[in-house]
Each structure stands twice: as structure tokens, then as C-alpha cells.
2 protein chains.
Amino acid sequence: MTELSTMKDGVANQAEASDRVLQILAEAGRLFASKGFEGTSMRDIALACGISKSLLYHHFSNKDEIYARVAVGSTLELYLFVRDRIPDGPPSQKIRAFMVATAEYFRRYRWAWIASTTAFWNDPDRSRHKERLTRRDRFENFLRGLIQEAIDAGEIRKVDVPMTGRLILSSLNWMHRWYNPNKSATPEQIAEIFFDMIFNGLRSGELVELPGAEPPKAGRRKPR
Amino acid sequence: MTELSTMKDGVANQAEASDRVLQILAEAGRLFASKGFEGTSMRDIALACGISKSLLYHHFSNKDEIYARVAVGSTLELYLFVRDRIPDGPPSQKIRAFMVATAEYFRRYRWAWIASTTAFWNDPDRSRHKERLTRRDRFENFLRGLIQEAIDAGEIRKVDVPMTGRLILSSLNWMHRWYNPNKSATPEQIAEIFFDMIFNGLRSGELVELPGAEPPKAGRRKPR
DNA sequence: ATTTTCACCGACCGATCGGTCAAGCCCGGC
DNA sequence: GCCGGGCTTGACCGATCGGTCGGTGAAAAT
């Protein structure tokens, strides 16, 4: 049904990979996430895996390939992972499900997620980088489609679609900087809270009816 | 009046610093922002400044100190910069001003901002790191104070204050990952749009009155 | 029984890393 | 004149970087 059956140990989409390769990818992802790409040496990865540095080059051609497997493998599956978790129903609930599913992915594949979204990368191989951006665009365009759907259905205001997508993704993408798995809520619960805040707004009660047409840029009304 | 009078060349709070030092800080910030801390060598910085590597060690004791001057100098002034731009008025408008001021700081000191918020850092000197976190906490607590103010004034719902602060800061902190200075809106305009979305919510028109008491976790109401 | 395959390792390579140092350059005060 | 001190430099250091190489030992294939 889904292509995600081979996920394990927090490493996504590494079908047909040996246990050792999965171990290397998991440890490398964790190190890339916490120390960055240039901050992580091949010796660090080998030491974390309890193997010799040479063995890394037996399974991967170089450091870039390890990072690419972590990052590209991660970003590919994010789209499929989320898409398969969007239920039929009102568009606004699809957006909610999008946020919750993305948060679930973050919780499951946390290190690969962080490594792929934050670690720096020289990228001598341009094609790998373009592939990553293409997948990221597809993910973002998928969200924009849901937002447009919600606008067409009249469930949300006529907001700027790309900007709305950026706001939603910002709330999810920044989570790794403050989220502590040992305390408070799960990422999914946090995503639900953020959805509530963004969808319903922070403003308290008594607003009754938005004026019919509002400026396309930012439909604000001056208080006082 | 304000302590920010010595800002120049995108480098904040480096009073009594020579032009050369300011140049080094500016170039180093730009490099740290685009290639990370470990990804930037002292040779890179020297080359960007058109000077020898030795000269860096004449003005700074080591690489960490350069980064600290960029990052800590940046985070210190962010708080003062924003605080001085919050007008008297309704608390919700203070939050709006907070977001716009933070965006203005981002626009002005973009490289130092990015370097301080994203580059990895070994941090052998624990005190510098703690100072940075202290300042960051002060900045975040300042925002939480404004949110609590708005709740007490009845302008916004009884939301989770820390979580609301995280949502607002996420929208601002993630901006550097997609913002393109050559196109579209200014950071300040983007901040205003985000404020509108978060404050008023995305939901369209006809909501009439929020139920008196809502669950503390996430005040959602099931559509259908 | 022999060959092939494959996971694995220790020693090593040239390049680059952060950092040092002794010496020059330049310019205002005597 | 010339002298002292802050900029500035190139040569150099040990450590570590990503990556290579020859080889080992055990299982699989023949």
C-alpha cells in the first residue's frame, strides 16, 4: 500500500539496505543534526557505529553520499508519508491533518529531519541538491493546494496562499529548535494547537462578521 | 537615547571597534550565516576581508571569539532594539509592533542574525553560551509578557502563553530560510501579514461567538 | 578443495584546519 | 634624523580532515 514499509530505527526509505547501512545512516543523521555537516567527521560517524572508518567507504562512496542518503531519503518520504494521512473531508481539516502528519514524521524521524533541514552542505553534486529542492517544492505545493481548496470552499479567508503556507510550515519547521521530547506535549499535539491558533486566530470573542471584501495583502482592521 | 548608535555595516553593538574589526565581524557574520561555523575557516574570513590570516589573531584571540562577537552582540541588541520600538497602546498592537521590530532587525542585521540563530558552535567557553541563552530567554519572556497583557486585557483568547510565543517566534525565525531580499515584500510587511493571520485567524466570516469557556489545551470545535 | 566474494580493518596520504611567531612596515612624536 | 608601537605579513606547527590502499578472515560458490 505505502512505500514506507522499510522504515526503521528512525531512518526512512532505505529499502534493501543492510542493518549496518541502516545503523550508519541512523548514527550519521543524529550526528549531522546535532553538529552539522562540516562539524561531523567520518571518524565521528565510525566511532559512533563502533566500526572502522574504512568500513564507511566500503558501504558509501564518500561523506556526501551518506548525507544525501539521510537528507534525500528523508525528504522524499515526507511527502508520501503526509499525503497518505490526509483524510477525505473539509479542506480545513485536511490542512489540520497535514500539520499533524508532518509533526508525526518529525517525531519519528527526528534526526534525519533536522539533518536535512538545517545542516549545511557544500553540495558538489548539483543533481542531488536539485532533487532535494524539487521534493521540497512538491511538499510545499501540496500544502498550497490544500489551502486553495479551503479558500474555494469558503472555509478560510482569501489570504495570500504562498504566505499562508510559509506560516504553517514555519510553525512546524522551527519546532526542532525548542521541542523537548522528555517534557510537555507530543509534536502531534503541538501541531494541533498551532492549527487552532492559526485557523481560529488569537483574537477573543466578539468579532461578528468580517467585512465582505478585504484587501488581498493583509486584511487587518485597525483597532481602537 | 538608545545604545544602538554604533551599528553599521550590518554589525550590531560593536562600540569602540575599529573599522577593520567591524569589517571582520561583518564578513565573518556573512560567512558563518551561509556556510556555518565549522564550514567557515579562518582563511575564508581573511580572504573575504582581503587581509592575512595572522591579522585576524591580532584583533581576536581565536575563531570562537569572532563568532561570539557576532552572535552575542547580535542577540544582546535584539532585545533592546525591539523593546524601544514598542509603542504605548493596546497590547495586541504591542505584539504586532514586536513582530515588525523583530523583522526590521532581521532585515538590518541579516547575516549576524542568521549566524547567531543557525550556525553550529562547539562552545568551549561555557559562559559565552549561557549569556547567549540568557539574552534569548529575556527576549522570549518579553514577548510572553506582551501576550499575557493581551489576555488580561481581553484582546485575545486564553491561549497557552509559551506556545503562542513559540508560534509567533517561529514565523519570524524561519523567515531567513525562504526570504529573498530581491523580490516580494519587506520583512516588516511579512511580519504584518503573519500578525494578521495569527491574530485574526484564517477562518472566514461567519463565526459569531466563541463558547464561554474552552478547553485549555486547544480550543477547537469540530466542523462538519 | 579451491576460488570468489564480501564485510571489515590498520596504516597511511596529501590537504587543510586553527593557531603561533619573529620580523617588517608605516606613521606620528621627539 | 630616528624611534617606538600598533598594523600587518609569510613561514611554519601539530592536529585533524576526507579519502586510499593492501590485506585478513570467514562464508558462499564452484
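Every heavy atom of this structure was used, including side-chain atoms; hydrogens, water molecules and symmetry mates were not. Below, chain A is the first sequence line, B the second, and so on; all start at residue 1.
The OH-P distance, from Y67(B) to dC17(C), rounds to 19 Å in whole Å. A straight line from CD of E65(B) to C1' of dG19(C) spans 14 Å, rounded to a whole angstrom. The nearest whole Å value for the distance from the CZ atom in F60(B) to the P atom in dT8(D) is 12 Å. Between the NE2 atom of H59(A) and the P atom of dG19(D) there is a distance of 17 Å, given to the nearest Å. Protein atom CD1 of I45(A) is 8 Å distant from nucleotide atom P of dG18(D), rounded to whole Å. In this structure, Q23(A) places its CD atom 13 Å from C1' of dA7(C), rounding to the nearest Å. Atom CG of L47(B) and atom P of dT9(D) are 12 Å apart (whole Å). Rounded to whole Å, the distance from CE on M42(A) to P on dA15(D) is 23 Å.
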Next item on the list: In sequence, state the C-alpha distance, the side-chain angles, and the governing distance for F194(B) and F199(B), and then conclude on ring pair (Phe, Tyr, Trp, His ring centres under 6.0 Å).
Entry: CA-CA 8 Å; F194(B) 281 167; F199(B) 183 63; over 10 Å; no
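The side chain of L55(A) lies closest to dA7(C), out of dA7(C), dG19(C), dG19(D). For K63(A), the side-chain atoms get nearest to dG19(D) when compared with the rest of dC7(D), dG19(D), dT20(C). Of the candidate nucleotides dT8(D), dG18(C), dC8(C), dG18(C) has the atom nearest to the side chain of Y57(B). Side chain of R43(B), nearest nucleotide from dC7(D), dG19(C), dG19(D): dG19(C). When each of dG18(C), dG19(C), dC9(C) is scored by its nearest atom to the side-chain atoms of K53(B), the top-ranked nucleotide is dG19(C).
Of the charged side-chain nitrogens involved, at least one lies within less than 4.0 Å of a carboxylate oxygen, so that R30(A) and E27(A) count as a salt-bridged pair.
One finds a side-chain N or O of H58(B) lying less than 4.0 angstrom from the OP1 or OP2 phosphate oxygen of dC7(D). The side chain of S41(B) contributes an N or O atom lying less than 4.0 Å from OP1 or OP2 of dC17(C).
With Y109(A) as reference, Y105(A) is the one residue of W111(A), F106(A), Y105(A) to meet the ring pair (Phe, Tyr, Trp, His ring centres under 6.0 Å) rule. Looking at F60(A), F32(A), F120(A) one by one, the single match for ring pair (Phe, Tyr, Trp, His ring centres under 6.0 Å) with Y67(A) turns out to be F32(A).
No donor-acceptor pair under 3.5 Å is formed between the side chain of R85(A) and the backbone N or O of E104(A).
Between the side chains of D152(B) and Q148(B), at least one donor N or O lies within less than 3.5 Å of an accepting N or O.
In this structure, N180(B) places its CG atom where more than 12 heavy-atom neighbours from other residues, nucleotides or ligands lie under 6.0 Å away.
Proximity of residues 28-40 of chain B to DNA chain C (heavy atom under 4.0 angstrom from any strand atom) is restricted to T40(B).
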